[in-house]
Amino acid sequence: MRTSWADAVAAENAASGSSNINGPGGAPHPGRSSYVPPHLRNRPPASDPPAPSYSGPTSGNDRLGYGGPTSELRSGGSRPDYGHQGYVGVGGRGRGGVGGWSSRGGGRDFGREREVNPFDNNDVDNETEPAFDEQENSGINFDAYEDIPVETSGENVPPPVNTFAEIDLGEALNLNIRRCKYVKPTPVQRHAIPISLAGRDLMVSAQTGSGKTAAFCFPIISGIMRGQFARPRGYRTVYPLALILSPTRELSIQIHEEAKKFSYQTGVKVVVAYGGAPITQQLRELERGVDILVATPGRLVDLLERAKVSLEMIRYLTLDEADRMLDMGFEPQIRRIVEQMDMPPRGVRQTLLFSATFPKEIQRLASDFLSNYIFLAIGRVGSSTDLIVQRVEFVHEYDKRSHLMDLLHAQKANGVHGKQALTLVFVETKKGADSLEHWLYTNGFPATTIHGDRTQQEREQALRSFKRGNTPILVATDVAARGLDIPHVAHVVNFDLPNDIDDYVHRIGRTGRAGNTGLATAFFNENNSSLARPLADLMQESNQEVPAWLTRYASRASYGGGKNKRSGGGGRFGGRDFRRDGSFGRSGGGGTDYYSGNSSGGYGVSGGYGGGHGPGVTSAWD
DNA sequence: AAAAAAG
C-alpha cells in the first residue's frame, strides 16, 4: 500500500541529495562474454549501491521473472501471435555469438554497467538556479488542466486512471516516474496510458506541452520490461521492439533523452538515429543492443537499406507529430518504412499516433496504419490552451525589425528571475533567419539561429546556447516549431506568420508548457490575409482578445474558405474523430451508428477505411 | 513558395 505519490516524491527528493546510483566507483565492468544467469538479468548489478529509497526487492519480481504468459505481449490485446513463435518465449538463453539467439536487448546486461544516470545530469537544466529549476521540473501546474474537455471514440474504450499508482507499470519505471517528479498523470496520460496498455491502437490529439512523450513512452517501456522477447541476431543486424519516428533531428534527440530517463535501470535500451551526425557512432550504439529506436525517417531508411536494422520484431510503432509525418513531404518515406519494409502489419504491431493537431484529411491517411483504433482528443477548442496569451499586431513588412526591437527592449526591462526571458522568434525562410539573427546581434541583442541550412553541430549548439540563456533570443524556421520542450520560453514571436493555422498552433505551443503561462505575439500584415479567418477563429476559441481590425480582415478575406477553414460547425470540440463525419463509411456500415461518445459500443469498423470527404476542418488540438 | 529529412 503506497501512501501517496506526493509523499513518495517528497521522500525520494529528500533522500536523493546526491544520488549517484551508477557512480564511476561501481563495479569494473565485466567482459563482453560474461554470462548473466536469467534470474539475475534486469536486476541492478549487485555491486551497485542501491538507489536511495530503493527499498527491498522491488525489482526483479515483475520483470523477467514475471509470471505472465511469455508469448503474449499485451494482456488485453487479441493480436495473433504473428509468426514469431519460434522467437518468443525462449528467454533464459544466454547471449550467443553472432547468428545465435539473443534475449531481449542483447548486450544490455553489460550495457547497464555503464548506464549513465540521467537524473544526475550536468546538462543545461541544472545550470539554472535551483529555485527556478524546481518550479519548472517538478511543476506541472495541474490546476490548469482541471476542466479540460476530453473526447474519445472507438470500441470499448478502457477507462482513464487518476493516479500512476493505479496502473501497474512496474517498479523500476515507477521509480523513474518519481525521480522525474511526476506526481500524477496529466490528462493525456490518464487516458492514453490505459488504452495503450490494453494493446489498442490510438490516435491522439492533445494540446502542446501536455505530456504526450511520457504518455506513449510509459506503456512501451512497461510492455518491453515485461515481455520476453528473444530476437534473432543477424550479422550486425539489430531488431528493435519499438520504433518512435519524429519529423526533426532535435525532436528525436529530445525524445531519446526523455525515454532514457524513463527507462533507467529497467533494462530497456533506447537508441537514437538521425541524419547530419556521423553514422558510425550511432551504429556502435545500435550494436550494443536496442529495444526502442528513436529516429528521423531519412537516417532510418539508410540504416534499413544497409541492413543494420530490421523492423521485423517491431511490436510498437509511434509517430510523434503524426500529422506532420503524414503530410506531403513525409508521407512517401513513412509509407516506405511502415508498409514496404519488414515491419509487421497493422493489427499485429501496436500503432500510436500523437500530435497536437490532426486535420481530417490526415486522419483519413493515418487510418491506413491503424487497426480498430481509439481516437482521443484532449484539450480545449482553440488548440493550444488559454495559458498562452496571444497578441496580434498589424506590422508592415518594412517595420518588422524595429517593431521587434521595441518588444525586446520592453522585455529586457522586465527581466524574469534576474535574467532575460527566453524569446523564440519564428521566420519563414532560412535566409531570413540568418539575416535577422545578424541584425539582432549587431544591434546588441545576443541571438542565435536554428534552421536546416546550418550544420547539425551548429543546430544543436544554437539550441543549447538558447536553453542556457547565453543567447536568450533564438531565430528559427519551422524546424523548431514542433515538439521541442524548452523551459523558460516566455515569449514566442511570429515575425513571419505561417500559412497554415496548425503551424501557428505548434509554434506558439513552444511557450505555455506544463501548465505555465506564456506570451505569443504575431506580426500580421496584408501578406497574411489567408490566415486572418482561421487565426481570428482560433483566438476567439481560446478566449483571446481579437482586435477589431483582424475581425474585419477575416470577413473581408477568404470568402471561399481555403484549407485553413476551421469552423465547419465544429463548435466546442476542435479535435474530432473524422470517423464521426457522416460522409465516412461508404461501404462498411453506411449511415449506421458507428460512434458513441463515451467509452461504450460505437464504432464498429476496423480501421483502414478511407471513404468520404469530410469538410477540411482542421483540428486545433495538440 | 518554404521547410524538413540521407549523403
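Predicted, not measured: the structure shown is a model, and the values here were computed from it. So you know, we letter chains A, B, ... as the sequences are listed, proteins then strands, and number each from 1. Heavy atoms only: backbone and side chains are in, while hydrogens, waters and symmetry mates are out.
- Remark: A:Glu258 pairs with no residue by the side chain to side chain donor-acceptor pair (under 3.5 Å) rule, at least two apart or across chains.
- For A:Arg249, the salt bridge (Lys or Arg N to Asp or Glu O under 4.0 Å) criterion is met by no residue, not counting sequence neighbours.
- Under the rule for a side chain to side chain donor-acceptor pair (under 3.5 Å), A:Asn528 has no partner lying at least two apart in sequence or in another chain.
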Please set out all donor-acceptor pairs under 3.5 angstrom arising from side-chain atoms of residues 443-452 of chain A, sequence neighbours excluded.
from: A:Asn443; atom 1: ND2; to: A:Trp439; atom 2: O; distance (Å): 2.7
from: A:Thr449; atom 1: OG1; to: A:Val475; atom 2: O; distance (Å): 2.8
from: A:His451; atom 1: ND1; to: A:Asp453; atom 2: N; distance (Å): 3.0
from: A:His451; atom 1: NE2; to: A:Asp434; atom 2: OD1; distance (Å): 2.9
from: A:His451; atom 1: NE2; to: A:Asp434; atom 2: OD2; distance (Å): 3.3

What does the B/S/- profile of nucleotides 1-7 of chain B look like, 5' to 3', with a 4.0 Å heavy-atom cutoff to protein? BSSBBBS

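- Under the salt bridge (Lys or Arg N to Asp or Glu O under 4.0 Å) criterion, A:Glu526 pairs with no residue at all, not counting sequence neighbours.
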